[in-house]
Amino acid sequence: MRLLEALRRLPKPVTAIRLAAETEVSTRQLYRDIATLRAGGVLVDGAAGYGYTLTEDPALPPQSFSRLEIEALMLGVASLGDLGDDALTTAGRNALARIVATLPDRQARQAAHATIRSWRPAEPRAVVTIDLDLLREACWDEFSVRIAYRDTHERRTEREILPLGMSYSPRTLMLVAWCLVRGAYRTFEVPRIEALERGASNFRPRRVQLLREYVTLRTAEWKMREQQTRPPT
């Protein structure tokens, strides 16, 4: 599976040395793994000394996208690098590689030569020190977490929260949560969370409902502020 993933993701043709390094095996073992894939019905073109290209992947169903959809996918995944989240960026690239591997030849060439790019000056981003994988898992599986948090006034508090969702801004990562201590919605700058551990509560299936209520409350607040700042007619 790791070899298939590397063949989908890396620029083609991929040398045996590069594939061996990616899959953490010897080149001798790599040649055996290529033979195993071929015996299993995977069409891998190339040979030792030239490089390998995955031309038919039976593990993935065929896909088809318009040229603009392909450009949008390439642009979206490329933009992940601006978020400062290496795991998310890698996940996006791996997913895109699997998508491209299922495209017909013409569309795969379009993906390889996408014409739309996004560029912006690099923004300094606050460094996240906690285990983001645990925080993401808490959002997905709907269990509470205990955090130690230092606010913008350098006050440190400890609390248990129900994490509802995360949002990337140009400079930081925000977490929306229901605070069990305050009994209210709170937003936290994730880089200001100094400690994180799994809590004792499970709030499934309330996350979607809580998040919808939060969005409704915030939307009402924004509309009220807009009305208050609107000049009288």
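Values below: every heavy atom of this structure, side chains too, minus hydrogens, waters and symmetry copies.
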>> Is there a side chain to side chain contact (heavy atoms under 4.5 Å, CB included) between Arg186 and Trp178? Walk through the geometry before answering.
In response: CA-CA 6 Å; Arg186 290 291 186 269; Trp178 177 264; over 6 Å; no
> Will you find, in the side chains of Glu194 and Thr129, an N or O donor that is under 3.5 Å from an N or O acceptor?
Replying inline: no
> Passes side chain to side chain contact (heavy atoms under 4.5 Å, CB included), Ile130 versus Leu135? Steps please.
Replying inline: CA-CA 8 Å; Ile130 60 167; Leu135 188 56; 4.1 Å; yes
> Does Ile193 belong to the same Ile/Leu/Val/Met/Phe/Trp/Tyr cluster as Leu162, with side-chain heavy atoms less than 4.5 Å apart forming each link?
Replying inline: no
> Is there a donor-acceptor contact under 3.5 Å from the side chain of Thr90 to the main chain of Ala87?
Replying inline: no
>> Are the side chains of Thr15 and Leu19 in contact, using a 4.5 Å heavy-atom criterion?
In response: no
> When the ring planes of Phe188 and Tyr149 are compared, do they come out parallel, tilted or perpendicular, using 30° and 60° as the limits?
Replying inline: perpendicular
> Sequence neighbours excluded, which residues qualify as salt bridge (Lys or Arg N to Asp or Glu O under 4.0 Å) partners of Arg18?
Replying inline: Glu22
>> For a 4.5 angstrom cut-off between non-hydrogen side-chain atoms, does Gln107 reach Ile70?
In response: yes
> Any donor-acceptor pair under 3.5 Å linking the side chain of Arg207 with the backbone of Trp140?
Replying inline: no
>> Looking at Arg150 and Arg192, would you say the former's side chain and the latter's main chain have a donor-acceptor pair under 3.5 Å?
In response: no
>> Are there over 12 heavy-atom neighbours, none belonging to Ile116, within less than 6.0 Å of that residue's CD1?
In response: yes
> Should Leu175 and Leu211 be counted in the same cluster of Ile, Leu, Val, Met, Phe, Trp and Tyr side chains packed under 4.5 Å apart?
Replying inline: no
> For the side chain of Glu137 and the backbone of Leu134, is there at least one donor-acceptor N/O pair under 3.5 Å apart?
Replying inline: no
>> With a 4.5 Å cut-off on side-chain heavy atoms, are Leu180 and Arg159 touching?
In response: no
>> Measuring only between side-chain heavy atoms, which start at C-beta, is Asn94 closer than 4.5 Å to Glu5?
In response: yes
> Val190 and Val176: same hydrophobic cluster, using ILVMFWY side-chain contacts below 4.5 Å?
Replying inline: no
> So, the side chain of Glu160 versus the backbone of Ser144: is there a donor-acceptor pair under 3.5 Å, distance only?
Replying inline: no
> For the residue pair Arg2 and Glu24, what are the closest heavy atoms and their distance?
Replying inline: NH1-OE1, 3.5 Å
>> Counting C-beta onward and ignoring hydrogens, is there a side-chain heavy-atom pair between Leu73 and Phe65 closer than 4.5 Å?
In response: yes
> Ala111 and Met74: which non-hydrogen atoms are nearest, and at how many Å?
Replying inline: O-CE, 3.2 Å
> Given side chains that start at C-beta, do those of Leu132 and Met166 come closer than 4.5 Å, heavy atoms only?
Replying inline: yes
> From Thr187 OG1 over to Met174 CE, what is the distance, rounded to the nearest 0.5 angstrom?
Replying inline: 4.5 Å
> For the atom pair CG (Leu196) and CZ (Arg198), what is the distance rounded to the nearest 0.5 Å?
Replying inline: 11.0 Å
> Is there side-chain contact between Ile34 and Leu3, with at least one heavy-atom pair below 4.5 Å?
Replying inline: yes
> Quick one: does Arg106's side chain have a donor or acceptor within less than 3.5 Å of a partner on Leu103's backbone?
Replying inline: no
>> Counting neighbours of CG on Asp86 that are heavy atoms of other residues, nucleotides or ligands and sit closer than 6.0 Å, is the number greater than 12?
In response: no
> Any salt bridge between Glu158 and Arg156, counting N to O under 4.0 Å?
Replying inline: yes
>> Given 3.5 Å as the limit, does a donor-acceptor pair link the side chain of Asp131 with the main chain of Asp133, or not?
In response: yes
> Are Ile147 and Tyr214 in one and the same hydrophobic cluster, where Ile, Leu, Val, Met, Phe, Trp and Tyr link if side-chain heavy atoms are under 4.5 Å apart?
Replying inline: no
>> Using side-chain heavy atoms (C-beta onward) and a distance below 4.5 Å, is Val77 in contact with Arg93?
In response: yes
>> Minimum heavy-atom separation for Tyr52 and Ala16, please, with both atom names.
In response: CE1-CB, 4.1 Å
> Where do Arg38 and Gly46 come nearest, in terms of heavy atoms and distance?
Replying inline: NH2-O, 2.9 Å
> Between Arg218 and Glu221, is there a side-chain N and carboxylate O pair less than 4.0 Å apart?
Replying inline: yes
> Among Thr172, Val128, Asp151, which residue meets the side-chain contact (heavy atoms from CB on, under 4.5 Å) test with Glu189?
Replying inline: Thr172
>> How close do Arg125 and Pro170 get, counting heavy atoms only, and between which atoms?
In response: NH1-O, 2.8 Å
> Residues two or more places apart in sequence or in another chain: which of them pass salt bridge (Lys or Arg N to Asp or Glu O under 4.0 Å) with Asp85?
Replying inline: Arg136
>> Determine whether Arg32 and Gln29 satisfy the following criterion, side-chain hydrogen bond (donor to acceptor under 3.5 Å, both in side chains), listing intermediate values before the conclusion.
In response: CA-CA 5 Å; Arg32 288 197 289 264; Gln29 179 62 47; 2.8 Å; yes
> How would you list, by chain and number, every residue that makes a salt bridge (Lys or Arg N to Asp or Glu O under 4.0 Å) with Arg171, sequence neighbours excluded?
Replying inline: Glu123
> Between Ser26 and Arg28, does any side-chain donor sit less than 3.5 Å from a side-chain acceptor?
Replying inline: no
>> Walk me through whether Tyr31 and Thr36 qualify under side chain to side chain contact (heavy atoms under 4.5 Å, CB included).
In response: CA-CA 9 Å; Tyr31 297 139; Thr36 300; over 6 Å; no
> Ignoring hydrogens and geometry, is there a side-chain-to-backbone donor-acceptor pair from Tyr185 to Leu210 under 3.5 Å?
Replying inline: yes
>> Between Leu7 and Val44, does the side chain to side chain contact (heavy atoms under 4.5 Å, CB included) criterion hold? Intermediate values first, please.
In response: CA-CA 9 Å; Leu7 284 166; Val44 181; 4.3 Å; yes
>> Nearest 0.5 angstrom please: Leu80 CG to Leu75 CG, how far?
In response: 10.0 Å
>> Applying a strict under-4.5 Å side-chain criterion to I, L, V, M, F, W and Y, I'd like to know whether Leu164 and Tyr168 cluster together.
In response: no
